[in-house]
Every structure is written in C-alpha cells, then in structure tokens.
Undergrad: 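There's a structure below that I have some questions on.
Because only heavy atoms are used, hydrogens play no part in the values below, and waters and symmetry mates are left out as well, while side chains stay in.
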Amino acid sequence: MGLFDSVAGGLGQMLGGQQGQTGAESNPMLQVVMGLMGGSGGLGGLLEKFQQGGLGNLAQSWVGTGANLPISAEQIQQVLGGGALGDIASKLGMQPAQAASALSEALPGVVDKLTPNGQLPAEGDLMATAQQMLGKLLG
C-alpha cells in the first residue's frame with residue numbers, strides 16, 4: 001500500500017470508515033477532500049480559495065489549534081462553485097446539495113488533522129505531516 005493510501009486509510013478511519021479499508025473504500029468523501037487538496041496549490045491553495053471567497057477566518061480556524069468553526073453547505077458551494085460541486089456530487093453519487101453538506105462536515109476535521117501544530121506544512125511536507133499523524137493514530 002502506498003503512502004497516500006496509508007494516509008487516506010487512516011483519515012478514512014477517523015472520518016468513520018471501517019478498519020482495514022483504504023480511504024477511498026471506507027469513505028468516498030475522504031477521497032474527494034484529498035482530491036481537493038491535491039489540485040493546484042495543495043492544502044494552501046485550497047485554503048486560499050476560502051480566503052478569496054471571504055471565508056478565510058473559517059479556514060484558519062481549522063488550521064489553528066483552537067476550536068474549528070463550522071461551515072455551511074451554502075458556504076461550501078459559494079467557495080467551490082456549482083461546476084466543481086457538481087463534479088464532486090457525481091463522484092459521490094449524490095445531489096450537489098448533499099455533497100456540499102457532507103463536505104461541510106468533513107473538511108474542517110481533515111484540515112485540522114493535517115495541521116496538528118496549528119500551521120500549514122511546507123508544500124513538500126504535507127504527506128510527511130499526514131504520515132506522522134497516521135503514525136500517532138496507529139501507534
């Protein structure tokens with residue numbers, strides 16, 4: 001199993017997947033969230049989208065060490081746009097409104113877990129940070 005699969009599997013378990021399954025098998029939403037971060041700019045690029053959408057304070061709460069502020073399905077749609085949300089919904093086999101709702105529940109927790117020290121990892125260190133987090137979960 002590759003590093004990404006290991007990380008996705010550990011995060012999938014945190015997000016309610018079953019032990020022994022990879023992230024994609026245990027939680028399709030995790031695959032979508034990791035895909036959002038895998039695009040141009042990685043995690044920092046994703047957070048920049050929230051900043052540009054006027055929701056930087058929410059995204060920063062997920063990175064910081066304090067409580068994660070909630071995000072609504074409408075705010076997710078505002079930031080990602082209808083086209084991207086439609087693609088995500090299609091991958092998940094649900095309506096766009098359902099996908100936005102599911103993302104609003106999953107995204108804050110995933111970002112929080114990938115930034116355990118309250119800081120964005122350096123661009124090349126995201127997978128290392130995720131691997132360290134996974135090691136703590138499995139250790």
Side-chain angles (χ1 to χ4, degrees):
M1 177 183 304
L3 175 59
F4 179 80
D5 291 335
S6 297
V7 170
L11 288 171
Q13 289 173 23
M14 288 186 333
L15 293 173
Q18 295 179 9
Q19 196 164 4
Q21 295 179 324
T22 67
E25 292 172 75
S26 66
N27 194 319
M29 179 57 66
L30 176 64
Q31 184 179 20
V32 168
V33 171
M34 295 301 283
L36 287 171
M37 288 182 224
S40 158
L43 179 57
L46 177 64
L47 296 175
E48 181 64 27
K49 285 183 184 181
F50 284 91
Q51 183 72 34
Q52 291 171 353
L55 301 173
N57 63 324
L58 296 180
Q60 287 304 312
S61 78
W62 310 336
V63 173
T65 57
N68 293 333
L69 295 175
I71 187 166
S72 70
E74 292 79 18
Q75 290 169 314
I76 291 284
Q77 185 165 358
Q78 171 189 332
V79 170
L80 297 181
L85 197 55
D87 291 344
I88 290 168
S90 178
K91 288 178 186 175
L92 295 172
M94 55 179 65
Q95 295 297 315
Q98 292 172 305
S101 179
L103 270 172
S104 72
E105 292 177 24
L107 195 56
V110 172
V111 172
D112 182 62
K113 299 299 182 201
L114 290 174
T115 55
N117 297 320
Q119 298 178 25
L120 281 177
E123 196 168 317
D125 293 340
L126 179 60
M127 291 306 285
T129 300
Q131 185 178 29
Q132 288 174 350
M133 180 194 66
L134 182 60
K136 290 178 185 177
L137 289 172
L138 300 177

Undergrad: Provide the closest heavy-atom pair for W62 versus N68 in the form atom of the first, atom of the second, distance.
TA: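 Heavy atoms of W62 and N68 come nearest at CA-OD1, 3.2 Å.
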Undergrad: Looking only at heavy atoms, what is the nearest atom pair of A73 and A100, with distance?
TA: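 That closest heavy-atom pairing would be O-CB, 3.5 Å.
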Undergrad: Which atoms form the tightest heavy-atom contact between I88 and A99, and what is the distance?
TA: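 Taking every non-hydrogen atom into account, CG2-CB, 4.2 Å.
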Undergrad: Please check: side-chain N/O of S104 versus main-chain N/O of S101, any donor-acceptor pairing under 3.5 Å?
TA: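 Answer holds: yes.
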Undergrad: Please say which of I76, L92, I71, V110 ends up in a side-chain contact (heavy atoms from CB on, under 4.5 Å) with L103.
TA: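 By the side-chain contact (heavy atoms from CB on, under 4.5 Å) criterion, L103 pairs with just one of I76, L92, I71, V110: I76.
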Undergrad: Of all heavy-atom pairs between G54 and N57, which one has the smallest distance, and what is that distance?
TA: O-OD1, 4.3 Å
Undergrad: Does any non-hydrogen side-chain atom of F50 lie less than 4.5 Å from one of V111?
TA: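 Side-chain contact under 4.5 Å: no.
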Undergrad: Could you check whether any side-chain N or O of Q77 sits under 3.5 Å from a backbone N or O of L85, counting only pairs where one atom can act as donor and the other as acceptor?
TA: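 Checking the backbone N and O of L85 against the side chain of Q77, no donor-acceptor pair under 3.5 Å is found.
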Undergrad: Can you tell me if Q95 has over 12 outside heavy atoms packed within less than 6.0 Å of its CD?
TA: no
Undergrad: In Å, rounded to the nearest 0.5 Å, how long is the span from CD of Q75 to CG of L80?
TA: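 Between atom CD of Q75 and atom CG of L80 there are 11.5 Å.
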Undergrad: Is any side-chain heavy atom of L43 less than 4.5 Å from a side-chain heavy atom of V63?
TA: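 In short, these two side chains do not touch, never coming nearer than 4.5 Å.
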